[in-house]
Amino acid sequence: MTRTVYVNGEYLPEHEAKVSIFDRGFLMADGVYEVTSVLGGKLIDFEGHAKRLARSLSELEIRKPMEDEALLEIHRELVARNDIDEGMIYLQITRGAPNDRDFVFPPEETEPTVVLFTQSKPGLADSPAAKEGIKVISIPDIRWGRRDIKTVQLLYPSMGKMMARAAGADDAWMVEEGAVTEGTSNNAYIVKGNTIITRQLSHEILHGITRAAVLRFAREAQMKVEERAFTIEEAQQADEAFITSASTFVMPVVEIDGAQVGQGAPGPVANRLREIYIEESRKAAI
Ligand code: PDD
C-alpha cells in the first residue's frame, strides 16, 4: 500500500509530495516537529503534543499555521487513510520556503511548510526490547542551549545513536557538566528504592510529553519523584534505569557504559510504569 502523506493542505501519495529546495527546514533546520504515537488507531497525548508544538513555534516566532482542531483532523485522516493501528505520526512545521537562501527570516507572509506522515509499527506496545531492556553509552552533550524547543536539528542525536551502535549499545545518554541531560531522543530516569529520579525541566532538556504523563502516574501510584540531575556513576549504581518517549513509552535500561544496572534485567518499577502508561494512554486516546 502506498503511504498517503500530508503536505501544505494536500493529501498525496508519498512519492508525489514535494517541498522546495529553498525551504528553511532543508537549508537551516529552521523548523520544529512532534511525534505522536498511535495505539488501537487512536492518538496518544495529542493535546500535550499540540501544546508543546505551539510553544516551540512561538519560541522561534514561526507562525502557527492552523488551529489544534485542524491539526487533529489531519492526524486522524492520515491514521484512517493509512490504516494505522499501532505506530506514530510525524509532524513538521518549518518557517517556509522563500525565493532564495538568506540568513534573515523571510517576509511575514511566507507560508510555513506543514508536513505530516504516518509510520506503521505493529507490535509497538508489545515491544520485545521492553522485555529485555536496552543498553546505553554516555556521550558529551554538545547540542545548542535551547533543547526545550523541539527543533529538527537532529544531527548530533543521530550521530549519538551511531556512536551507540558502534559500541554495541542501543542508545546514548548525553552528559553535560558531569550530569546526564537526556537520551538522544528520550528522557532519562533512574530508580532508587521507591524513588524515581529524573532531571528537572529547563532549557537543557526537552519537556517530554511522555515524561509528564509517567511522572503523574508514578505519583498517583504512591511512588516518590525527585526532579534533579544525576551522574552516570549514580545511574550505574541505581536499582533501575529507564527512558521515556512517544515512540518507546517506558523502556527499561539494563546497562550503562558496560556496567549492569540492578540485576541486568528490566526492573519492577519500569515494568509497572510501562504497563500503567500504556493502559492509561489507551483509555485516554482520541
Ligand atoms: N523524541 N528528549 C528528546 C531529545 C527527544 O527527542 C524526545 C522525543 C524526548 C521525549 O519526548 P516525548 O515524550 O514528548 O516523545 C526527550 C521523539 C520521539 C523523536 O525524535 O522521534
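Both ligands and their constituent atoms are indexed starting at 1 by order of listing. For clarity, every value in this text was computed on a predicted model and none was experimentally measured.
A heavy-atom distance below 4.5 Å is found between the side chains of F217 and Y277. Looking at heavy atoms from C-beta onward, R143 lies in side-chain contact with T181 at the 4.5 angstrom threshold. Within the 4.5 Å cutoff, no side-chain heavy atoms of V254 are placed close to those of E240.
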T94 vs D23, side-chain hydrogen bond (donor to acceptor under 3.5 Å, both in side chains): CA-CA, chis, key distance, verdict | CA-CA 8 Å; T94 77; D23 194 273; 2.8 Å; yes
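Defined by atom type and a distance below 3.5 Å, a donor-acceptor pair is present between the side-chain atoms of T184 and K161. Counted by atom type alone, Q92 and Y90 present one or more donor-acceptor pairs between their side chains at under 3.5 Å.
Note that R81 lies in the cation-pi zone of Y11, set by a 6.0 Å cut-off to the ring centre and a 45° limit from the axis. Cation-pi check for R95 over F105 is met; the charged atom lies under 6.0 angstrom from the ring centroid and within 45 degrees of its normal.
Looking only at heavy atoms of the protein, atom 21 (O) of ligand 1 is closest to V35 CG2, 3.6 Å. Residue, atom and distance of the protein heavy atom nearest to atom 2 (N) of ligand 1 are E182 OE1, 2.7 Å. The protein heavy atom nearest to atom 6 (O) of ligand 1 is S185 CA, 3.4 Å. Protein heavy atom nearest atom 19 (C) of ligand 1, with residue, atom name and distance: Y33 OH, 3.6 Å. Protein heavy atom at the shortest distance from atom 8 (C) of ligand 1 is K150 NZ, 3.2 Å. Among protein heavy atoms, the minimum distance from atom 10 (C) of ligand 1 is reached at N187 OD1, 3.7 Å.
Ligand 1 has an N or O atom lying under 3.5 Å from an N or O atom of T210, backbone or side chain. Between I209 and ligand 1, at least one N/O pair is under 3.5 Å apart. For ligand 1, the polar-atom distance check against R52 finds a nitrogen or oxygen pair separated by under 3.5 Å.
Set against the non-hydrogen atoms of T184, the atoms of ligand 1 under 4.0 Å away are 4 (C). Residue contact check: G208 has heavy atoms under 4.0 Å from atoms 11 (O), 12 (P), 13 (O), 14 (O) of ligand 1.
Within the structure, the closest approach of Y90 to ligand 1 does not fall below 4.0 Å when heavy atoms are considered. Under the 4.0 angstrom criterion for non-hydrogen atoms, M88 is not in contact with ligand 1. Remark: distances from the non-hydrogen atoms of L154 to ligand 1 are all 4.0 Å or more.
In this structure, the side chain of E226 does not engage the main chain of T195 through any donor-acceptor pair within 3.5 Å.
Distances from atom 15 (O) of ligand 1 to the heavy atoms of A246, G183, S247 show the closest one on A246.
Ring planes of Y189 and F242: parallel class, angle under 30° (limits at 30 and 60°).
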